[in-house]
Amino acid sequence: MAAIAIAGAIPRPLQPSPSSSSSLSPLPMSIFPLLRRSFRRNLPSLAIAAAARQDTIAWTHAPLKLLRPASADGSLFHAQIDVSESPDLAAGFTAPGQYLQIRVPDAPKPAFLAIASPPEAASLKGVFEFLIKKVPGSAAEKLCGLGSGDLVELSGVMGKGFAVDRFSPPESVSTVFIFATGSGISPIRSLIESGFSADKRSDVKLFYGARNLQRMAYQDRFKDWESSGVRIVPVLSQPDDDSWNGQSGYVQEVFSRAKQILNPSSTGAVLCGHNQMMEDVTAMLVADGVSKDKILKNF
């Protein structure tokens, strides 16, 4: 999840309402340079306010338990953070798709990361697991440079997660399409491994997109996911092996060619990843009659 940036909007000229008989004069264009200068003068106070909001967050120190590459090209890392000494923090993780902030020494901003492990792992094993994309200059990159035992700071768990209760009982939503691109597979792993009765539904497919197999995480878990009732459709946008005979291109393109929505009222979807993918897939599903209430995202 991307870091939150400060943004501001310049007021737009007032326009008369088409349904009103009264008329309003538009603001003179000469006022806009003044408004812009006023906004720029207020930027420092906005930044201070944002920092103050960070200071109100309750941070919990926790040690890094494990860190290892999660992709062959070194762009993704798998991390385990020990939360066994923080039961209140662990108890806040109740649904796949939830996330939190992580602060790392020498990083200017915290990182927002979805929790990759299922909620049960927090209570049974005392760990949160994450899939981390190593972005230069970010807190995620700093985190990837730490070692076992190093301390990080965790915020409380945020978000409501995926509202999978909308897919209950299983026979009412017998078809579920799951979509993930890149590190967006992280909360999807949490969903699959927490169990949502995939084996009791007639058709559950995961369309998982990555640039190539070198950047596709969790391949070692595919067999277990398939055995739980989830059929996996890997999609490579830039295959680096001429022998690749699977699906190529973008996830939304592959889905557009493959989709067969026989009963929209009993179809649901879960999406996480690239914004364009989520917009395109959502538009296709809605056009085919799938209810927006059954198209789940984690934010």
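The first residue of the sequence shown is numbered 1, and numbering continues consecutively from there. This is a predicted model, so every value here is computed, not measured.
- Criterion: ILVMFWY side-chain heavy atoms under 4.5 Å apart, direct or through other members. Under it, Met284 and Ile178 are not part of a common hydrophobic cluster.
- Clustering ILVMFWY residues whenever any of their side-chain heavy atoms sit less than 4.5 angstrom apart, transitively, puts Ile188 in a cluster other than the one holding Tyr99.
- Closest non-hydrogen pair, Ser186 versus Ala114, comes out as OG-O, 3.4 Å.
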Exercise. Where do Thr267 and Asp288 land on the side chain to side chain contact (heavy atoms under 4.5 Å, CB included) test, with the steps shown first?
Worked result: CA-CA 10 Å; Thr267 299; Asp288 282 343; over 6 Å; no
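- Using modelled atom types, one side-chain atom of Ser228 and one backbone atom of Trp225 make a donor-acceptor pair closer than 3.5 Å.
- Counting heavy-atom neighbours within 6.0 Å of Phe167 CZ, excluding the residue itself, gives a total above 12.
- The backbone N or O of Phe128 lies less than 3.5 Å from no partner atom in the side chain of Lys65, so there is not a single donor-acceptor pair.
- With hydrogens and angles ignored, the 3.5 Å screen pairs a side-chain donor or acceptor of Thr181 with a backbone N or O of His274.
- Not a single donor-acceptor pair under 3.5 Å links the side chain of Ser84 to the backbone N or O of Gly126.
- One hydrophobic cluster, built from ILVMFWY side chains closer than 4.5 Å, holds both Leu154 and Ile132.
- For the atom pair Asp73 CG and Gln214 CD, the distance stands at 6.5 Å (nearest 0.5 Å).
- Between the CD1 atom of Ile295 and the CZ atom of Arg166 there is a distance of 10.5 Å, given to the nearest 0.5 Å.
- When all heavy atoms are compared, the tightest approach of Ala139 to Pro110 is CB-C, 4.1 Å.
- Taking Asp150 as the reference, nothing meets the salt bridge (charged side-chain N to carboxylate O under 4.0 Å, His left out) condition, with sequence neighbours excluded.
- Residue Lys133 places its NZ atom among 12 or fewer non-hydrogen atoms of other residues, nucleotides or ligands, all under 6.0 Å distant.
- One finds the OG atom of Ser148 at 9.0 Å from the CG atom of Leu67 (value rounded to the nearest 0.5 Å).
- Note that CD1 of Ile102 and CG of Leu64 are 9.0 Å apart. Values are rounded to the nearest 0.5 Å.
- Note: Thr60 OG1 to Glu153 CD = 8.5 Å, rounded to the nearest 0.5 Å.
- Judged by distance alone, the side chains of Asp280 and Gln276 do bring a donor and an acceptor atom under 3.5 Å apart.
- Judged as a salt bridge (charged side-chain N to carboxylate O under 4.0 Å, His left out), and not counting sequence neighbours, Lys200 has no contacts.
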For this session: Quick one: do Val135 and Glu141 satisfy side chain to side chain contact (heavy atoms under 4.5 Å, CB included)? Show the steps, please.
Result: CA-CA 6 Å; Val135 178; Glu141 182 184 42; 5.9 Å; no
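- Judged by distance alone, with hydrogens and angles left aside, the side-chain atoms of Arg201 form a donor-acceptor pair with the main-chain N or O of Phe196 at under 3.5 Å.
- For the ring-ring contact (aromatic ring centres under 6.0 Å, His included) condition, no pair includes a residue of residues 130-163, sequence neighbours left out.
- Under the 4.5 Å side-chain heavy-atom criterion for ILVMFWY residues, no single connected hydrophobic cluster contains both Val176 and Val290.
- Using a distance-only test at 3.5 Å, with no hydrogens or angles considered, a donor-acceptor pair links the side chain of Ser71 to the main chain of Leu76.
- The shortest distance between side-chain heavy atoms of Ile261 and Phe177 falls below 4.5 Å.
- No option in Val233, Leu191, Ile192, Val270 other than Ile192 meets the side-chain contact (heavy atoms from CB on, under 4.5 Å) test with Leu206.
- Atom NZ of Lys125 has 12 or fewer heavy atoms from other residues, nucleotides or ligands within 6.0 Å.
- No chain of hydrophobic side-chain contacts below 4.5 Å, direct or via other Ile, Leu, Val, Met, Phe, Trp or Tyr residues, connects Val235 to Met216.
- The environment of CD in Glu171 is crowded: more than 12 heavy-atom neighbours from other residues, nucleotides or ligands sit within 6.0 Å.
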Exercise. Is there a side chain to side chain contact (heavy atoms under 4.5 Å, CB included) between Ser237 and Arg211 once you walk through the steps?
Worked result: CA-CA 5 Å; Ser237 60; Arg211 179 177 296 182; 4.1 Å; yes
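- No hydrogens or angles considered: nothing links the side chains of Asp293 and Ser291 as a donor-acceptor pair under 3.5 Å.
- The environment of Asp220 atom CG is dense: over 12 non-hydrogen atoms of other residues, nucleotides or ligands sit within 6.0 angstrom.
- Looking only at distances, no side-chain donor or acceptor of Tyr250 sits under 3.5 Å from a matching main-chain atom of Gly209.
- Ring orientation note: the planes of Phe207 and Phe179 are close to parallel, at an angle under 30° on the 30°/60° scale.
- Of the possible donor and acceptor atoms, none in the side chain of Glu193 sits under 3.5 Å from a partner among the backbone N and O of Arg189.
- Checked by atom type and distance alone, the side chain of Gln98 never pairs as donor or acceptor with a backbone atom of Pro119 at under 3.5 Å.
- Across Ser202 and Thr175, no two heavy atoms sit closer than the pair OG-OG1, 4.2 Å.
- More than 12 heavy atoms of other shown residues, nucleotides or ligands fall within 6.0 angstrom of atom CZ in Arg221.
- Panel note: side chain Glu226, backbone Ile232; a donor-acceptor pair is recorded below 3.5 Å.
- One finds the CG atom of Leu285 at 11.5 Å from the NZ atom of Lys292 (value rounded to the nearest 0.5 Å).
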